[in-house]
Amino acid sequence: MSRQETCRSCGNPEIREFLSLGKTPLADALVPPGTPLADEPTYPLAVAFCPECTLVQVTENVPPKVLFVDNYLYFSSFSPAVLEHAQKHAENLTSARGLGRDSFVVEIASNDGYLLKNFAAAGIPVLGIDPAPDQAAAAEAAGVPTLREFFGLELAKQLRAEGRRADVIIANNVMAHVPDLNGFVAGMRELIADDGLITVENPYVRDLIEHCAFDTIYHEHHCYFSCTAVDRLVRRHGLFLNDVEYFPWLHGGTLRWHIEPVERPSARVREYLAAEEERGMTRFSYYEDFGTRVEHLRTELRSTIESLKREGRRIAAYGAAAKGATLLNYCGLGTESIDFVVDRNPHKHGLLMPGSRIPIRPVEALLEEQPDVVLLLAWNFKEEIARQQAEYCRRGGKLLVPVPEVREFTPSDSGREAVVR
Ligand code: DWN
């Protein structure tokens, strides 16, 4: 573990911290029962802004092997919404770029094959790259050949030496996760064909700040991107940000950046870059009051939970999510208030949430126990979860979302279409 003193993108030695969440355990490191507290390491969790290239980033480095090999239980396929999103992207890329048997599609952080399986099913050659052993095994079982390695410039050079240049590289929820950001981007430049396309998806830092989604800050998320930060990062490596799509419903607000070895920016990406300048996202002042707003949200959530407990209410939570670990630990919520957390991922059942030590159970526990209130730790999937838990709600159960404000959530049918603007 080491402190990050300089900007991960441009090397500026004067990055400015604007929020500290204290020392916290690793958000995805779920805990076997009986593990002594002393065996659960904690690390400082804080974020800083770089005035030079505008990148928002955490100020500590935890070894990737610790984050993504020893402790990693996240499987993308447990979210129907993510599966649908991936399938649409694969279909759109296949038709837009005329992909076929002579093409080559690479996904970095391919997880359990949730996305590449769509290309493989169409007979398009694919390669997954993911160091997490269980996820890679699941991908191969789904017909997706997978390299169990971390991606970087060295691996890209090795693949290129083997004559393997990618027509498409997909990197969803990974560019924010790598400690060597420049090596990662240089690797994508090395591997992509000269007429190829790279699509990178990550949550949008604008929504993190403006929706107070502080819980999406954890050690595996090294960076929090704006279009401006991505544009300045990729240019350094002979790549260009040429387009952007926005998915407000995905992970609290996700952007998909279209990056190519040739410069041809769309009107849309130029609009995003201009809007970020206008909103002040390129200046420290945009971020400096975030800490105060986060403290207010913590106070609001704690008082809501405390008053429910005073009324004798039983409270459970939904989603053994990494963001849930940050939320529970920063807000000081544990087994004194929350009886259990439910999750659809069986790999998480029987384990405890990091730090708070709240037990994780199958989703069926909600109907078995019928708690009065369920706190949606995976609030980013609130519509999907509400549809699933219609019976729990019909029986009088209440859903509580904590972000962007603490409020009861009633099911709606708000769409999930990509809002392109
Ligand atoms: O970057 C990352 C984001 C994209 O996903 C990863 N580093 C880790 C992960 O973060 P997270 O754990 O906060 O993500 P989720 O996808 O919000 O976690 C949702 C949790 O809820 C998962 O454990 C799966 C579970 N779930 C469920 O039980 N029922 C999810 C859905 C949609 C459901 O219907």
Side-chain angles (χ1 to χ4, degrees), residues 8-10 53-57 85-86 88-90 92-94 96-99 103-110 115-116 119 126-127 129 151-153 155-157 159-160 164-178 180-206 222-247 250-251 253-276 281 418 420-421:
R8 297 169 186 277
S9 174
C10 71
C53 73
T54 81
L55 181 68
V56 173
Q57 52 205 287
H85 178 70
K88 276 184 185 172
H89 190 33
N92 291 343
L93 283 171
T94 300
R97 305 194 65 83
L99 300 177
S103 306
F104 183 41
V105 178
V106 172
E107 184 178 15
I108 305 167
S110 46
L115 186 149
L116 285 181
F119 292 106
V126 299
L127 178 66
I129 300 172
F151 179 79
L153 183 54
L155 178 56
K157 285 181 174 175
L159 291 168
R160 184 164 177 171
R164 307 174 83 178
R165 298 288 295 279
D167 298 295
V168 171
I169 295 175
I170 297 165
N172 291 345
N173 298 303
V174 58
M175 193 165 82
H177 299 57
V178 295
D180 178 7
L181 184 57
N182 282 293
F184 183 85
V185 177
M188 291 200 294
R189 180 64 191 89
E190 181 75 16
L191 184 59
I192 194 67
D194 291 342
D195 62 349
L197 170 67
I198 301 165
T199 68
V200 171
E201 283 183 24
N202 279 112
Y204 190 14
V205 72
R206 181 198 72 188
H222 292 77
C223 300
Y224 304 82
F225 289 110
S226 61
C227 293
T228 307
V230 170
D231 181 61
R232 296 183 190 180
L233 166 66
V234 300
R235 281 178 183 277
R236 201 173 299 124
H237 301 280
L239 293 168
F240 301 91
L241 174 59
N242 286 335
D243 201 2
V244 61
E245 295 172 79
Y246 178 56
F247 303 94
L250 182 57
H251 295 304
T254 286
L255 286 184
R256 175 186 291 151
W257 293 285
H258 295 235
I259 297 163
E260 297 173 291
V262 292
E263 185 172 16
R264 45 187 176 199
S266 68
R268 190 159 51 191
V269 81
R270 285 197 295 267
E271 285 163 16
Y272 264 84
L273 292 167
E276 289 181 356
M281 292 172 65
V420 176
R421 51 185 160 81

*asked:* For V106 and V168: C-alpha separation, side-chain torsions, deciding distance, then whether side chain to side chain contact (heavy atoms under 4.5 Å, CB included) applies.
replied: CA-CA 6 Å; V106 172; V168 171; over 6 Å; no
*Under the side chain to side chain contact (heavy atoms under 4.5 Å, CB included) rule, what do R164 and F104 come out as? Steps first, then yes or no, please.*
CA-CA 8 Å; R164 307 174 83 178; F104 183 41; 3.7 Å; yes
*Could you go through the side chain to side chain contact (heavy atoms under 4.5 Å, CB included) check for H85 and L115 one step at a time?*
CA-CA 9 Å; H85 178 70; L115 186 149; over 6 Å; no
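Looking at Q57 and Y224, their side chains never come closer than 4.5 Å, going by heavy atoms from C-beta outward. Within the 4.5 Å cutoff, no side-chain heavy atoms of R97 are placed close to those of D167. Within the 4.5 Å cutoff, no side-chain heavy atoms of H251 are placed close to those of N202. With contacts defined as side-chain heavy-atom distances shorter than 4.5 Å, the pair C10/L55 does not qualify. With a 4.5 Å cut-off on side-chain heavy atoms, L159 and I129 count as touching. Contact check for T54 versus R232: side-chain heavy atoms found under the 4.5 Å cut-off. Considering only heavy atoms from C-beta on, F119 comes within 4.5 Å of I170 through its side chain. Put simply, the side chain of P261 reaches to within 4.5 Å of the side chain of I192, judged on heavy atoms.
Remark: side-chain polar atoms of N242 are paired, donor with acceptor, to backbone N or O of V262 under 3.5 angstrom. Using modelled atom types, no side-chain atom of E271 and backbone atom of V269 make a donor-acceptor pair closer than 3.5 Å. In this structure, the side chain of D231 does not engage the main chain of C227 through any donor-acceptor pair within 3.5 Å. A distance-only check finds a donor-acceptor pair linking the side chain of E276 to the backbone of T228 [under 3.5 Å]. Without hydrogens or angle criteria, N182 side chain to R8 main chain gives a donor-acceptor distance under 3.5 Å.
S226 approaches A229 most closely through the heavy-atom pair OG-N, 3.0 Å. Here the shortest heavy-atom pairing between D180 and G183 reads OD1-N, 2.8 Å. Residues A186 and H237 approach most closely at CB-ND1, 3.7 Å, considering heavy atoms. Across all their heavy atoms, H177 and N173 have their closest contact at CE1-O, 2.9 Å.
In this structure, R206 forms a cation-pi arrangement with Y246, its terminal cationic atom sitting closer than 6.0 Å to the ring centre and no more than 45° off the ring axis.
Atom CG of L93 and atom NE2 of H258 lie 7.5 Å apart (nearest 0.5 Å). Interatomic distance, R165 CZ to L191 CG, rounded to the nearest 0.5 Å: 7.5 Å. With values rounded to the nearest 0.5 angstrom, R189 atom CZ is found 5.5 Å from L239 atom CG. Atom-to-atom distance recorded for L241:CG and I198:CD1 is 11.0 Å, nearest 0.5 angstrom. Expressed to the nearest 0.5 Å, how far CZ of F247 lies from OG1 of T254 amounts to 8.5 Å. Residue E260 holds its CD atom at 12.0 Å from CG of D194, rounded to the nearest 0.5 Å.
Using a 4.0 Å cut-off between a side-chain N of Lys or Arg and a carboxylate O of Asp or Glu, R256 and D243 do not qualify as a salt bridge. Between E263 and R235, at least one side-chain N (NZ, or NE/NH1/NH2) sits under 4.0 Å from a carboxylate O, which counts as a salt bridge.
Classified by interplanar angle (parallel below 30°, tilted 30° to 60°, perpendicular above 60°), the ring pair W257/F225 is perpendicular.
Here the two rings, on F151 and F184, have centers that are under 6.0 Å apart.
Exactly one residue among N172, I259, I169 makes a side-chain contact (heavy atoms from CB on, under 4.5 Å) with V200. That residue is I259.
No side-chain N or O of E201 forms a donor-acceptor pair with one of H89 less than 3.5 Å apart. Remark: the S9 side chain and the R236 side chain contain an N/O donor-acceptor pair separated by less than 3.5 Å.
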